[in-house]
Amino acid sequence: MKYISETPLDIVGLFADAHHPQAGAIVLFSGEVRDNNLGMSVDYLEYEAHESMASKMVAAILNEARTKWPLDIAVAQHRTGKVAVGESAVVVITASPHRSEAYAANRYIIDRIKHEVPIWKCEYFTDGTKKWGGNCNCHDVTGDVNKHVYEFDQLKS
Amino acid sequence: MKYISETPLDIVGLFADAHHPQAGAIVLFSGEVRDNNLGMSVDYLEYEAHESMASKMVAAILNEARTKWPLDIAVAQHRTGKVAVGESAVVVITASPHRSEAYAANRYIIDRIKHEVPIWKCEYFTDGTKKWGGNCNCHDVTGDVNKHVYEFDQLKS
Amino acid sequence: MKVQVFAALKDYFDKEFELKEDVDNVTELRQYLTELNTSAGNMLKTCRFAIDDEFVDQNYQLKENDTISVIPPSSGG
Amino acid sequence: MKVQVFAALKDYFDKEFELKEDVDNVTELRQYLTELNTSAGNMLKTCRFAIDDEFVDQNYQLKENDTISVIPPSSGG
């Protein structure tokens, strides 16, 4: 499994492979580039990764999700390089016998990828400026760069 | 938009249409036929609908979801007729600027479809027997056929 | 008045049939159907009734040209 | 010892450079980099450090052949 991809994510192909005779529920999340952010018009994004480290971390997160929920499928792939508006930057697919677990695991995986995995975006705006970031700022709240505030923790599920 | 379909759901086509320049998060749920249920080996399912009523109700549920969350996309389609193991019986796609709303709306829509919309499944097992059901049994808990226990209500989100 | 039944109810009644008897409202219709086939009684208790694609309540006064749908609990998805 | 920086840190340092100075541990490396370019100081406070694809803590003793990655907070997704 390829976790980091320099080429456009093949969501259709990944979804086509994500079927399992015991999985009654499949949840797919696609994080796509919006045409605006913080009131500015976005031209495109560029993602950079510490690739070897990011690959290992995504694999570990998927494994941890499998220990928490009975998943038949758990895949994730993050794009690097230039990503156009409307293109997918990250995809997460989970499948389980019942839907509650597939949704919960899917949120868990994307939250952890966004907060922890060494991947960074740089926004290029149509006015020619650029901006690194949309960083995880959890340390402002937790006082520790290793402690994050996850959305999935704020749900009872 | 077609909400009830006698032919296989074109998930790839529906997903391909579900992009929006302001949507940063797309969540797709596919409910697929498992090869087993209640310890029995499933051959296939057959879904029946009160079609005109089911179509109107799915449309109304999607509209209600749009009033609750800022959705750029909200589509749902349910299959009728014979559905093989591994095929999709229902698909829900939601898209919003941020992911929390897309997940929440997706769960809301599938929960309401499953509990409320006049669609019924009949399971055909490999031993030749059949069984209607997997019914919504919420009335056992709520004492009212119009009151349901939704998964989405049990989440804080 | 016409009656349409769905799903498991088809094991107990014709899918669609004409009702000549004198039933005034939904409560009476449920009673009538239960007498017609007592083994469907438990199922009928959990059913809702609809006319012209809209649910109607127990007191809805049935009219001669109504087509009434008997709707068991949903099991879609 | 080699230092690799990522993302916004590349606006302040070379992407990869050799470090000849005598820094013993991660805390000292952070101080050294802050002195090298004070405007990166706030950012460096929020960075983590990794060697061989594993995060290391403040007290990790740096070795001569280490390649150390300076990892800003993630902004993937």
Side-chain angles (χ1 to χ4, degrees), chain A residues 10-16 18-37 41-42 45 72-73 84-104 106-108 110-111 113-114 121 134 150-157, chain B residues 10-16 18-37 41-42 45 72-73 84-104 106-108 110-111 113-114 121 134 150-157:
Chain A
D10 176 17
I11 298 189
V12 168
L14 291 170
F15 183 77
H19 298 278
H20 191 287
Q22 283 162 35
I26 291 141
V27 175
L28 180 149
F29 171 82
S30 170
E32 308 197 344
V33 176
R34 290 184 296 143
D35 67 1
N36 73 93
N37 196 26
S41 169
V42 172
L45 300 194
D72 300 304
I73 305 277
V85 168
E87 283 191 334
S88 182
V90 57
V91 63
V92 177
I93 305 175
T94 48
S96 55
H98 301 286
R99 70 187 181 287
S100 186
E101 293 81 2
Y103 280 112
N106 203 283
R107 294 198 70 157
Y108 171 88
I110 187 64
D111 271 17
I113 288 174
K114 285 187 157 230
K121 74 166 155 233
Y150 300 106
E151 279 187 6
F152 66 79
D153 271 341
Q154 298 173 303
L155 299 169
K156 273 196 299 181
S157 183
Chain B
D10 177 17
I11 298 189
V12 167
L14 290 170
F15 183 77
H19 297 279
H20 190 285
Q22 283 163 33
I26 290 143
V27 174
L28 180 149
F29 171 82
S30 170
E32 307 197 346
V33 177
R34 289 183 297 144
D35 67 1
N36 72 93
N37 195 25
S41 170
V42 171
L45 300 193
D72 299 304
I73 305 276
V85 168
E87 282 190 335
S88 182
V90 58
V91 62
V92 177
I93 305 175
T94 48
S96 56
H98 301 285
R99 71 188 180 287
S100 187
E101 293 81 2
Y103 280 113
N106 204 284
R107 296 198 69 158
Y108 171 88
I110 187 63
D111 272 17
I113 288 174
K114 285 189 158 230
K121 75 167 154 232
Y150 300 106
E151 279 187 6
F152 65 79
D153 270 342
Q154 298 173 302
L155 299 169
K156 273 195 297 180
S157 183

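Proteins come first, then strands; the chains are lettered A, B, ... in the order of their sequence lines, and each starts at number 1. Given the structure is predicted, the values throughout are model-derived calculations rather than measurements.
Contact annotation for F29(A): both backbone and side-chain heavy atoms come within less than 4.5 Å of a heavy atom of chain B. Contacts between A25(A) and chain B at a heavy-atom distance below 4.5 Å involve backbone atoms as well as side-chain atoms. Neither the backbone nor the side chain of I93(A) comes within contact range of chain B; no heavy atoms are under 4.5 Å apart.
Between R99(B) and K114(A), the closest side-chain pair of non-hydrogen atoms falls below 4.5 Å.
The structure places CD1 of I26(B) at 7.5 Å from CD1 of I11(A), a figure rounded to the nearest 0.5 Å.
Highest contact tally toward chain A, considering only N36(B), N106(B), V12(B), is held by N106(B) [criterion: heavy-atom pairs under 4.5 Å].
In this structure, A23(B) and E32(A) approach most closely via the heavy-atom pair O-CB, 4.0 Å.
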